[in-house]
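No experiment lies behind these values; they were computed from the predicted model shown.
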Amino acid sequence: MSFSGKTWILLFTLLIATINPLPCSSSTNAEKVYSTNLYLLAVDGEGKGLVVKVDLNVYYPGRGNIVVVVEEGYVAEDTRMSIEYAVKIASMLSGVNYAFYDYEFVFPEKAELRGASATLAFVLGLLAFFTGNQPANRTGVTGIVSPNAMVGLVEGLTEKYSAGLEYGLDSIIGPPSQEMLGKTRYTAIIDVFSAYRLYTGNSLYHLMDINSSYASVLRKKLCTVFKSSYSFFRDKAYSIIARFREKASVYNGSLGYRYVILADKYAKGNKWYTAATYAFRSYIELYRLYLYELNRTGSLSILLEEEARLREEVKQELQRTKQLLDKAVQRVNNLWSLDALLNSYVRYTTALQMYREGEATEDLALRAEIYGLALARAYTAEHWLLITNITLSDTRTFSAVDYNIANNILRDALLSSIDYYHSLGILGESKREEYYSVVERAADTPTRLFINYTLQYHDLSLITEMLSPPIFSQFLSVDLIENLNRSFTEVVEHIYSLTGTLPPSTLTLAELTSTYMAENESLEVIGSLYARALSLLIPQLVLAQARSYIEVCEALCKEAVTVTTTLPLEGYAEIAVILAIVLIGVGSFLAGYSLKKHY
């Protein structure tokens, strides 16, 4: 489908009206267009599990209104917030504008419900509606949901399971937990896409086979970049080894030396991203060991020189990378280069935060180590930027219209996510206000605003990894990782069907996860790789689906509504670091590197 310039303007104006949200039709004669039952799993005040049957009714036309009905009972604010959040997440993942409809959630008489453990149930019920499906059977659902579609732990799983069996539910799904092992009617899931497959019996997206020859061409284009990265970090690693001089026993049995051997192994097999990743990890571990030895042996003068040199080098590298990022934004016009740019930005912001943390650290040895980590991460940011120089033909380019539509959707989802996290107690009041202020900052172009929103989405998705105990780092198994890989593949195939290309990070992740499995890296590390990838891919999915909002609007809207709207495009928001979050990493080019992992 193609549109003239004037048609695009009209459709965009109309679309902004609907996603702000306003109804497509001025008619007040809404009729019920969908109804289903949701089976929420809860625990009462005495710790007993129970099943709460909720009727979900959807009306068209609507304004995106949500009505909660409960007679002689109550539904607490955090539960209501989880419903609103679920509407936004389901709309965003499905590509259907929620503002076309009104939603009614009818709870049982005298029901008393609080908490957000039913978030997954709400998301799945709404996704079923948006995609024209019904639940495959009577399925009890529990779990919270992060913006990157990962499913988190909730309390009372055993009690909820028992209640579901007593109620006669056909199946029960929820987050993985060791306490649920052996429960034959319980199916553990760690992402919304896997849950949806169980809930409806269908995949969320129509699958499309990726042309293997095309994927091979793209991999070859990446080889040059990461072959160079491998050589760069390998040389850095061996330069550290050379500093040990006669103390070979110090590094021979070290983790850093093992990583450099693995880097060489995968370089011989032409798996250059894996080789570069292990070389990167080797450099970091060996540098840490070198600094430790300087501190242990009392070589204070050398340590002082090293700290001063590192501080200056990382400062210069950050300045250089920022300049390169600003230039790269101007030439990004398709998903290939955009994905590379976003991955570079994530590494740059992580490096900048590490540098700032180093500045605030009094301990000399620790400060030097932090600077070393920041420098290594800044290097990876620059390496990822090289991918933006690789040109692709016959791929879809994005217009200002696409970015503006995506930005409105992301802004809506971000604000809802902030409120949801506040209701969960993850964000306090002051932090919620800080996040609000960041979301409301403007940018001088739609592309820059999209980058800002995506970085915020990424941070909000992963902030839960900083919690203790974690709620999104669960008891994992090979089967769960395989299901997560299937979900990731579905998203990638859907993006490919919409854009005609593959984001480079999806190719690198596919390689790295397979080699990590072969090397018996922890399942938690591999799961985190997928979670991080989805935190950047979902905003890109929103951008790729932007035109589907226009097509839906064209099909459903009967009356043209002219609305004047002011888009937040003034002044570029510096998003280098959001609320001083140092992201937990897993030691790869795909993620940040963790200090807390070692201290």
Side-chain angles (χ1 to χ4, degrees), residues 232-263 277-321 347-382 465-466 468 522 525 576-577 579-589 591-599:
F232 177 86
F233 281 112
R234 185 180 185 276
D235 290 346
K236 291 282 186 183
Y238 274 101
S239 71
I240 300 300
I241 290 175
R243 299 186 190 186
F244 284 100
R245 296 185 176 88
E246 304 301 324
K247 298 181 179 180
S249 60
V250 174
Y251 69 81
N252 269 341
S254 70
L255 190 59
Y257 193 67
R258 174 178 176 268
Y259 287 155
V260 80
I261 298 302
L262 285 171
T277 296
Y278 275 123
F280 164 76
R281 296 175 71 178
S282 173
Y283 169 58
I284 287 175
E285 294 295 340
L286 288 169
Y287 215 141
R288 174 180 286 113
L289 183 59
Y290 173 67
L291 294 172
Y292 170 79
E293 284 296 306
L294 289 179
N295 193 45
R296 185 182 67 83
T297 58
S299 304
L300 183 60
S301 61
I302 300 177
L303 188 57
L304 281 168
E305 292 176 2
E306 195 70 16
E307 184 270 343
R309 182 187 64 80
L310 284 169
R311 182 180 184 279
E312 187 59 29
E313 280 192 27
V314 70
K315 184 178 179 180
Q316 292 179 4
E317 182 63 24
L318 286 169
Q319 291 173 347
R320 168 181 163 80
T321 304
R347 288 153 181 78
Y348 166 76
T349 58
T350 303
L352 181 58
Q353 174 53 31
M354 287 179 176
Y355 172 74
R356 291 177 176 175
E357 186 165 324
E359 293 282 83
T361 302
E362 295 183 2
D363 183 270
L364 175 63
L366 179 57
R367 187 165 65 247
E369 181 177 342
I370 294 172
Y371 287 151
L373 292 172
L375 183 60
R377 181 50 70 204
Y379 286 143
T380 65
E382 187 173 342
E465 293 190 3
M466 303 298 293
S468 181
S522 79
V525 165
V577 180
L579 301 185
I581 296 172
V582 180
L583 299 177
I584 285 182
V586 293
S588 80
F589 273 42
Y593 197 87
S594 170
L595 296 177
K596 291 193 174 183
K597 195 174 178 182
H598 302 280
Y599 294 97

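- Ser299 contributes no side-chain N or O that, together with a main-chain N or O of Ile302, makes up a donor-acceptor pair within less than 3.5 Å.
- Within the 4.5 Å cutoff, the side chain of Glu306 has no heavy atoms near those of the Arg311 side chain.
- Of the inter-residue distances, the one linking Ser254 atom OG with Tyr259 atom OH reads 10.0 Å to the nearest 0.5 angstrom.
- Judged by the 6.0 Å and 45° rule, Arg377 forms no cation-pi pair with Tyr355.
- You'll find the side chain of Arg281 stays beyond 4.5 Å of the side chain of Val260, heavy atoms only.
- The two residues Ala263 and Ala279 come nearest to each other via the heavy atoms CB-N, 3.6 Å.
- We find that Arg356 and Glu359 are not joined by a salt bridge, their nearest charged nitrogen and carboxylate oxygen being 4.0 Å or further apart.
- Ion pairing of Lys315 with Glu312 is absent here, as no side-chain N (NZ or NE/NH1/NH2) approaches a carboxylate O to less than 4.0 Å.
- Residues Ala368 and Leu310 share a closest heavy-atom pair of O-CD1, 3.3 Å.
- Closest heavy-atom contact between Ser282 and Ala237: OG-CB, 3.6 Å.
- Atom-to-atom distance recorded for Tyr371:OH and Thr361:OG1 is 7.5 Å, nearest 0.5 angstrom.
- For the atom pair Ile240 CD1 and Asp235 CG, the distance stands at 11.5 Å (nearest 0.5 Å).
- Heavy atoms only, all atoms of each residue included: Ala378 and Glu317 are closest at CB-CG, 3.6 Å.
- The minimum heavy-atom distance linking Glu285 with Gly256 is given by the pair CB-CA, 3.6 Å.
- Ring geometry for Phe233 versus Phe280: interplanar angle over 60°, hence perpendicular rather than tilted (30 to 60°).
- A distance of 5.0 Å separates CG of Leu262 from OH of Tyr278, quoted to the nearest 0.5 Å.
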>> If you apply the rule side-chain contact (heavy atoms from CB on, under 4.5 Å), what do you find for Lys236 with Tyr379, and how did you get there?
In response: CA-CA 11 Å; Lys236 291 282 186 183; Tyr379 286 143; 3.6 Å; yes

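- Here the rule is side-chain contact (heavy atoms from CB on, under 4.5 Å) with Leu364, and of Asn295, Leu300, Leu291 only Leu300 fits it.
- One finds the CG atom of Leu318 at 11.0 Å from the CD atom of Glu382 (value rounded to the nearest 0.5 Å).
- Annotation: side chain of Tyr257 is in contact with side chain of Ile241 (closest heavy-atom distance under 4.5 Å).
- Inspection of the Tyr348 and Gln353 side chains reveals no N or O donor paired with an N or O acceptor under 3.5 Å.
- With hydrogens and angles ignored, the 3.5 Å screen pairs a side-chain donor or acceptor of Arg367 with a backbone N or O of Glu362.
- If you take OG1 on Thr321 and CD on Gln316, they are separated by 11.5 Å, rounding to the nearest 0.5 Å.
- More than 12 heavy atoms of other residues, nucleotides or ligands shown are found within 6.0 angstrom of OH on Tyr238.
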> Going through the distances and angles, do Glu305 and Arg309 end up as a salt bridge (Lys or Arg N to Asp or Glu O under 4.0 Å)?
Replying inline: CA-CA 6 Å; Glu305 292 176 2; Arg309 182 187 64 80; over 6 Å; no

